[in-house]
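Notes for the one structure printed next.
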Amino acid sequence: MKTSASLGSFAGANAEGTNSFGLASERNMESVIQLSQQANCLTYVAITTAMMGAMMFGIDQGNYGLVQGFSSFYDAWCKGRFEGFDCDPKSKNQPTGWTEFIAWGGSLITVGAAVGSLTLGPIISKSFGRRLCISIGGWLCLLGCMFASFLSFKSVGVYYCGRFLTGFGVGVCCVALPMYNSEVATPSIRGLMGSLFQLLVVVGGMIASLILALIDDWRLGMLLPGIAGAFVGVAIWLTPESPRWIMDHHGFEAGVLALRKVRKGDVEDEAQKMKQIADEERAAGQVTYIELFTKPGLRTRFFVACWLQVGQQLTGVNAFLSYTTEIFKGAGIPKDQIPAMAIYFNLAMVVGCIVGLLFIDSPKGGRRTQLWAATVIMGPSLLVAGLTKLLEWPGTLAVVMLFLYGPGYQLAWGLVPWIYPSEIFLMSEKDRAVSLAVCFCFTINFAVNYATPPLLNWSSGGTFLVFGFLNVANLFFVLMFVRETLGRPIEQNVADYDGARDLRRGLRQEMDSR
């Protein structure tokens with residue numbers, strides 16, 4: 001990521017057709033835009049294969065929300081541990097100890113993911129490549145799933161460690177996914193291909209709900225994310241490494257060879273442009289963690305990237321997926337209908353995600369437009385669902401609102417937070433900025449997941465209202481801070497966010513530091 005070294009050229013930058021980062025201006029970037037249709041078949045295959053790492057997280061969300069309601073799960077972890085509790089999944093008055101066990105099981109995966117995305121993930125991704133980072137993350141997820149299921153030996157401590165390690169692997173993998181997409185995709189397909197992350201999360205949840213409708217062994221359910229991790233851990237080696245990473249670590253010629261694998265026709269102009277940007281960023285150095293919070297312009301982009309991840313969790317969707325059984329019970333759905341309802345709910349979200357994918361790179365859609373449109377759907381839906389429960393309106397209305405809320409989320413909030421951060425940071429900023437943003441995502445996910453069971457015990461209607469108001473807050477954030485990045489080179493997005501005032505302030509900071 002990037003320091004303020006190149007800000008010293010600000011005074012004469014505009015006159016010479018470059019922005020304050022020493023990078024090509026809008027005029028020079030036209031050549032990059034003209035190359036935007038050169039993606040070949042392998043481009044799509046490579047990014048799709050990498051994005052299948054998202055299925056680990058989606059399957060875990062889907063399986064945990066249902067496995068925790070299995071009688072076999074209660075038999076393994078409840079019976080003999082909580083005096084006076086019959087350990088029946090249908091029981092409503094559950095002891096605090098059992099509620100905390102469920103909450104920790106759902107939350108530890110997000111703690112592990114936050115730690116993995118902040119520690120091991122950035123190190124492997126930067127030093128050893130995006131593919132190795134994705135592969136190691138997949139295998140760690142499998143190992144964690146084994147300890148949380150067949151190798152837990154009914155030990156709560158081992159089970160908790162397995163859940164943490166499962167999340168750790170997911171976090172390591174997820175750090176590299178948006179980077180790989182932004183460095184392999186061309187501007188015209190970057191949004192579409194990046195959106196595959198959320199589509200595959202949803203597909204993973206759908207697969208989990210279908211499989212769990214056919215089995216009743218909680219251990220097999222817990223193992224499902226690891227199976228996806230093992231597949232990705234192998235399949236990623238059948239794809240090429242990021243051309244930009246290759247060029248940075250193995251030289252220009254090696255980068256050109258890598259770029260030819262994922263482009264049609266002559267790549268010389270694009271490779272030269274990539275080298276120019278890489279040289280300028282290398283001269284500027286790598287941004288420090290402190291600069292992410294203090295450097296004018298950059299700190300605004302970092303705030304937007306982080307809040308998109310935070311806001312995604314504040315929508316409440318991951319809490320809803322992690323506690324599917326309890327959420328649907330709270331909405332008034334009979335327990336014996338919950339597995340089928342979960343399948344229908346996931347199908348509705350798949351449809352919402354596909355609609356989002358169709359518009360994400362369309363002039364009729366885009367990042368900002370879809371975010372505010374989705375929020376307008378989600379917030380009122382949850383508010384009405386909450387009022388339905390509190391005022392004892394017909395329960396069918398609450399169910400309908402949840403079925404509006406789910407697809408509404410997938411229209412944008414499931415897609416954009418995984419695309420947008422990689423579109424507003426330069427290569428010298430990306431590793432640390434994206435890894436911290438992902439860390440924020442999983443950290444808030446932990447807080448939301450841990451708080452959801454007590455909230456549901458307090459009031460299902462109140463829980464819906466809380467998340468409804470948080471969605472309203474997200475709307476104000478989108479309208480105030482998010483800018484459109486549709487089909488634009490990353491360097492131009494950076495220049496649009498970092499206005500002249502912030503750049504001059506950054507220049508003064510640089511001169512003072514000298």
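If you read the sequence from its start, that first residue is 1, and numbering goes on from there.
- The SG atoms of Cys173 and Cys141 are placed at least 2.5 angstrom from each other.
- With hydrogens and angles disregarded, a donor-acceptor distance shorter than 3.5 Å links the side chain of Asn346 to the backbone of Ala342.
- Separating the CZ atom in Phe168 from the OG1 atom in Thr119 is a distance of 4.0 Å, to the nearest 0.5 Å.
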Start with the C-alpha gap between Thr239 and Tyr180, add the side-chain angles, then the distance that decides, and say whether side chain to side chain contact (heavy atoms under 4.5 Å, CB included) holds. CA-CA 11 Å; Thr239 68; Tyr180 188 84; 3.5 Å; yes
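- A donor-acceptor pair under 3.5 Å is absent between the side-chain atoms of Arg367 and the main chain of Ala412, judged by distance alone.
- The closest donor-acceptor contact from the side chain of Tyr409 to the backbone of Gly352 lies at 3.5 Å or more, if one exists at all.
- Annotation: side chain of Ser152 is not in contact with side chain of Met222 (no heavy-atom distance under 4.5 Å).
- In the displayed structure, Ile290 atom CD1 is contacted under 6.0 Å by at most 12 heavy atoms of other residues, nucleotides or ligands.
- Not one N or O on the side chain of Trp218 forms a donor-acceptor pair closer than 3.5 Å with the backbone of Gln68.
- Proximity of Ile136 to Phe128: side-chain heavy atoms (C-beta onward) are nowhere separated by under 4.5 Å.
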Could you give me the CA-CA distance, side-chain angles and deciding distance for Thr443 and Thr110, then say whether side chain to side chain contact (heavy atoms under 4.5 Å, CB included) is met? CA-CA 6 Å; Thr443 300; Thr110 58; over 6 Å; no
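- Within a 6.0 Å radius of CZ in Phe231, other residues, nucleotides and ligands contribute 12 heavy atoms or fewer.
- Using a distance-only test at 3.5 Å, with no hydrogens or angles considered, a donor-acceptor pair links the side chain of Asn474 to the main chain of Gly311.
- Within the 4.5 Å cutoff, no side-chain heavy atoms of Phe403 are placed close to those of Val400.
- Rounding to the nearest 0.5 Å gives a distance of 10.5 Å between CZ of Phe302 and CD1 of Ile424.
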Test side chain to side chain contact (heavy atoms under 4.5 Å, CB included) on Cys133 and Val172 and set out the steps. CA-CA 6 Å; Cys133 186; Val172 169; 3.9 Å; yes
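- When ring centroids are compared, Phe101 and Tyr159 come within the 6.0 Å threshold.
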Might you work through the salt bridge (Lys or Arg N to Asp or Glu O under 4.0 Å) test for Arg163 and Asp60, ending with a clear yes or no? CA-CA 10 Å; Arg163 292 296 291 164; Asp60 188 84; 2.7 Å; yes
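- Closest approach of Leu415 to Cys353, counting heavy atoms only: CD2-SG, 3.6 Å.
- Residue Ser460 comes nearest to Lys389 through the heavy atom pair OG-CE, 3.5 Å, listed as atom of the first residue, atom of the second, then distance.
- In this structure, Ala437 and Ala305 approach most closely via the heavy-atom pair CB-O, 4.1 Å.
- Met378 pairs in a side-chain contact (heavy atoms from CB on, under 4.5 Å) with only one of the listed residues (Val472, Leu475, Val317, Thr315), which is Thr315.
- Remark: Phe147 CZ is loosely packed, at most 12 non-hydrogen atoms of other residues, nucleotides or ligands lying under 6.0 Å away.
- The number of heavy atoms from other shown groups lying within 6.0 Å of CH2 (Trp372) does not exceed 12.
- Considering CD1 of Ile134 and CD1 of Ile124, their distance stands at 11.0 Å, rounded to 0.5 Å.
- When atom types are taken as modelled, the side chain of Asn63 and the backbone of Gly221 share a donor-acceptor pair closer than 3.5 angstrom.
- Contact of the Ile211 side chain with the Ile59 side chain is not registered, since no non-hydrogen atoms from C-beta on lie closer than 4.5 Å.
- Residues Val201 and Phe197 have side chains in contact (heavy-atom distance under 4.5 Å, counting atoms from C-beta outward).
- With rounding to the nearest 0.5 angstrom, the CE atom of Met193 is 10.5 Å from the CG atom of Leu199.
- Between the Ser459 side chain and the Leu455 main chain, no donor and acceptor come within less than 3.5 Å of each other.
- Minimum interatomic distance between Gln309 and Cys441 (heavy atoms only, all atoms of both residues): OE1-CB, 3.2 Å.
- Checked against a 6.0 Å centroid threshold, the rings of Tyr405 and Phe467 do not count as neighbours.
- In this structure, the side chain of Ser125 does not engage the main chain of Gly121 through any donor-acceptor pair within 3.5 Å.
- Closest approach of Leu486 and Gly366 over heavy atoms only: CD2-CA, 4.4 Å.
- Aromatic ring centres of Trp307 and Phe481 lie farther apart than the 6.0 Å criterion allows.
- We find the CG-CG distance between Leu411 and Leu358 to be 10.5 Å, quoted to the nearest 0.5 Å.
- The environment of CZ in Phe150 is crowded: more than 12 heavy-atom neighbours from other residues, nucleotides or ligands sit within 6.0 Å.
- Checked against Leu108 for a side-chain contact (heavy atoms from CB on, under 4.5 Å), the options Tyr450, Tyr160, Phe446 give a single hit: Tyr160.
- Side-chain atoms of Leu382 and Phe469, non-hydrogen and from C-beta on, never get closer than 4.5 Å to each other.
- With a 4.5 Å cut-off on side-chain heavy atoms, Leu66 and Phe73 do not count as touching.
- Put simply, OG1 on Thr48 and CG on Asn181 are 9.5 Å apart, with the number rounded to the nearest 0.5 Å.
- No more than 12 heavy atoms of other residues, nucleotides or ligands sit less than 6.0 Å from atom OH of Tyr344.
- Between the Asn493 side chain and the Glu423 main chain, a donor and an acceptor come within less than 3.5 Å of each other.
- Under a cut-off of 6.0 angstrom, the local environment of OH in Tyr74 is crowded, with over 12 non-hydrogen atoms contributed by other residues, nucleotides or ligands.
- Between the side chain of Arg368 and the backbone N or O of Val482, at least one donor-acceptor pair lies under 3.5 Å.
- In this structure, Leu308 and Trp413 have side chains that are in contact, with non-hydrogen atoms separated by less than 4.5 Å.
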Kindly indicate, with the supporting measurements, whether the criterion side chain to side chain contact (heavy atoms under 4.5 Å, CB included) is fulfilled by Phe425 and Leu298. CA-CA 8 Å; Phe425 294 113; Leu298 174 57; 3.8 Å; yes
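- When only modelled atom types and interatomic distance are considered, Thr463 and Trp458 share no side-chain donor-acceptor pair under 3.5 Å.
- Aromatic ring orientation, Phe85 versus Trp98: tilted (interplanar angle from 30° to 60°).
- Nearest approach of Arg130 to Ser242, heavy atoms of both residues: CG-CB, 4.0 Å.
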